[in-house]
Q: 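I'd like to ask some things about the structure below.
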Amino acid sequence: AFGGMIFILVYCTAGISGGHINPAVTFGLFLARKVSLIRALTYMISQCLGAICGVGLVKAFMKHSYNTLGGGANSVATGYNKGTALGAEIIGTFVLVYTVFSATDPKRSARDSHVPILAPLPIGFAVFMVHLATIPITGTGINPARS
């Protein structure tokens with residue numbers, strides 16, 4: 001579900017913000033000088049405000065489930081320590097950011113003109129794969145705004 005939703009969100013927001021829906025990705029693109037400081041800060045604040053609004057809607061419509069399940073907060077699963085969980089999140093976030101960089105590489109676009117249109121697909125698939133690997137460890141929190 002997360003991978004499919006990321007595919008849709010990146011596809012729909014690509015023309016507005018370049019598909020920035022994750023502060024980790026925006027921060028990585030800022031460090032690579034692909035996004036200005038002002039734009040990066042604006043995007044990250046907007047992403048966090050969007051997450052707050054989203055959780056507000058979930059709590060409003062599903063109050064019992066929200067309270068019963070702890071609001072969907074991530075935690076370290078039994079059998080894993082905090083170091084393992086941190087490592088899993090760092091690797092998962094790296095895989096996502098690396099995929100975004102690869103899928104949106106302008107040099108690749110020059111060679112393969114179809115790649116920019118398909119960029120949301122590998123990004124969504126990377127999110128799907130990271131979730132498969134890290135849900136058993138932390139519940140997957142590769143998006144700081146969501147976490």
Side-chain angles (χ1 to χ4, degrees), residues 1-59 62 65-66 69-112 114-147:
F2 275 108
M5 198 68 226
I6 294 301
F7 168 72
I8 292 166
L9 286 172
V10 171
Y11 181 81
C12 291
T13 62
I16 301 166
S17 68
H20 290 244
I21 56 174
N22 184 330
V25 172
T26 301
F27 185 68
L29 292 168
F30 165 71
L31 291 178
R33 298 182 181 169
K34 304 218 182 258
V35 178
S36 70
L37 175 62
I38 300 298
R39 187 169 289 227
L41 289 174
T42 303
Y43 284 172
M44 288 189 273
I45 290 167
S46 299
Q47 291 156 354
C48 291
L49 289 174
I52 291 167
C53 291
V55 78
L57 287 171
V58 170
K59 190 171 183 177
M62 303 175 66
S65 297
Y66 180 89
L69 300 171
N74 295 4
S75 61
V76 179
T78 306
Y80 295 97
N81 61 39
K82 290 179 183 177
T84 302
L86 179 63
E89 288 298 326
I90 289 170
I91 291 168
T93 304
F94 170 79
V95 168
L96 171 60
V97 174
Y98 184 69
T99 302
V100 170
F101 272 81
S102 296
T104 60
D105 181 13
K107 292 179 184 163
R108 175 175 275 178
S109 299
R111 282 193 319 263
D112 307 323
H114 64 284
V115 171
I117 297 166
L118 297 177
L121 188 59
I123 294 167
F125 193 70
V127 169
F128 168 70
M129 295 305 291
V130 169
H131 274 76
L132 286 180
T134 61
I135 280 177
I137 302 169
T138 62
T140 307
I142 58 174
N143 185 334
R146 187 185 82 76
S147 296

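Small disclaimer: the values here were computed from a predicted structure and weren't measured. Residues take their numbers from the sequence shown, with the count starting at 1.
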Q: For Tyr43, check side-chain contact (heavy atoms from CB on, under 4.5 Å) against everything at least two apart and list the hits.
A: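 Partners of Tyr43 by the side-chain contact (heavy atoms from CB on, under 4.5 Å) criterion, ordered by chain and then number, come out as Ser17, His20, Thr26, Arg39, Gln47.
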
Q: side-chain contact (heavy atoms from CB on, under 4.5 Å) with Ile16: which residues, sequence neighbours excluded?
A: none

Q: Just verifying a value: how many Å separate Thr140 OG1 and Leu96 CG, rounded to the nearest 0.5 Å?
A: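 The OG1 atom of Thr140 sits 11.5 Å away from the CG atom of Leu96.
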
Q: With rounding to the nearest 0.5 Å, note down the distance linking CD1 in Ile21 to CE in Met5.
A: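 Reported to 0.5 Å precision, the distance equals 8.5 Å.
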
Q: Please name all residues satisfying ring-ring contact (aromatic ring centres under 6.0 Å, His included) with Tyr98, sequence neighbours left out, ordered by chain then number.
A: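 Scan of Tyr98 (ring-ring contact (aromatic ring centres under 6.0 Å, His included), adjacent residues dropped) gives Phe94.
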
Q: For atom OH of Tyr66, decide whether the heavy atoms of other residues, nucleotides or ligands shown that lie under 6.0 angstrom number more than 12.
A: yes

Q: Taking atom CD1 of Ile8 and atom OG1 of Thr13, what is their separation to the nearest 0.5 Å?
A: 11.5 Å

Q: To check you understand the geometry: which heavy-atom pair defines the closest contact between Ile137 and Ala88, and what is its length?
A: CD1-CB, 4.0 Å

Q: Give me the atom names and distance for the closest heavy-atom approach of Ala24 to Val97.
A: O-CG2, 3.9 Å

Q: Within a strict 4.5 Å, meaning less than it, do heavy atoms of the Leu9 and Pro120 side chains meet?
A: no

Q: Could you grab the distance from atom CG of Leu41 to atom CZ of Phe30, nearest 0.5 Å is fine?
A: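 Here the rounded value is 7.5 Å.
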
Q: Going by ring pair (Phe, Tyr, Trp, His ring centres under 6.0 Å), name the pairs with one or both residues in residues 123-147, residues two or more places apart or in two chains.
A: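 Ring pair (Phe, Tyr, Trp, His ring centres under 6.0 Å) check on residues 123-147 returns Phe2-His131, Phe125-Phe128.
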
Q: Might you point out which heavy atoms bring Val100 and Thr104 nearest each other, and give the distance in Å?
A: O-OG1, 2.6 Å

Q: Can you give me the closest heavy-atom contact between Pro144 and Pro23, atom names plus distance?
A: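 So the two residues come closest at CD-CD, 4.2 Å.
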
Q: Partners of Asn143 by side chain to side chain donor-acceptor pair (under 3.5 Å), sequence neighbours excluded?
A: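 So Asn143 forms no side chain to side chain donor-acceptor pair (under 3.5 Å) with any residue.
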
Q: Give, for atom OG1 of Thr134 and atom CD1 of Ile90, the distance between the pair rounded to the nearest 0.5 Å.
A: 12.5 Å

Q: Can you list the residues that meet the side chain to side chain donor-acceptor pair (under 3.5 Å) rule with Thr84, with sequence neighbours excluded?
A: Asn81

Q: Tell me every residue that passes side-chain contact (heavy atoms from CB on, under 4.5 Å) with Ile45, counting only those two or more places apart in sequence or in another chain.
A: Leu49

Q: For Ala1, give me all partners under side-chain contact (heavy atoms from CB on, under 4.5 Å), at least two apart in sequence or on another chain.
A: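 Scan of Ala1 (side-chain contact (heavy atoms from CB on, under 4.5 Å), adjacent residues dropped) gives none.
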
Q: Please say whether more than 12 non-hydrogen atoms of neighbouring residues, nucleotides or ligands are located less than 6.0 Å from CD1 in Ile38.
A: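 No, not enclosed.
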
Q: Give the minimum heavy-atom separation between Leu118 and Pro122, together with the two atoms involved.
A: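 Heavy atoms of Leu118 and Pro122 come nearest at O-CD, 2.8 Å.
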
Q: Between Gly141 and Asn74, what is the shortest heavy-atom contact and its length?
A: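 Heavy atoms only, the tightest pair is CA-ND2, 3.0 Å.
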
Q: Could you tell me if the side chain of Leu29 sits less than 4.5 Å from the side chain of Phe101, heavy atoms only?
A: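 Contact flag for Phe101/Leu29 side chains = yes.
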
Q: Could you work out, with side chain to side chain donor-acceptor pair (under 3.5 Å) as the rule, every residue matching Thr99, not counting sequence neighbours?
A: none

Q: Starting at CG of Leu86, measure out to CD1 of Ile91 and round the result to the nearest 0.5 Å.
A: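 Going from the CG atom of Leu86 to the CD1 atom of Ile91 covers 9.5 Å.
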
Q: Checking Thr93 now: which residues fulfil side chain to side chain donor-acceptor pair (under 3.5 Å) with it, not counting sequence neighbours?
A: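 Thr93: no side chain to side chain donor-acceptor pair (under 3.5 Å) contacts found.
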
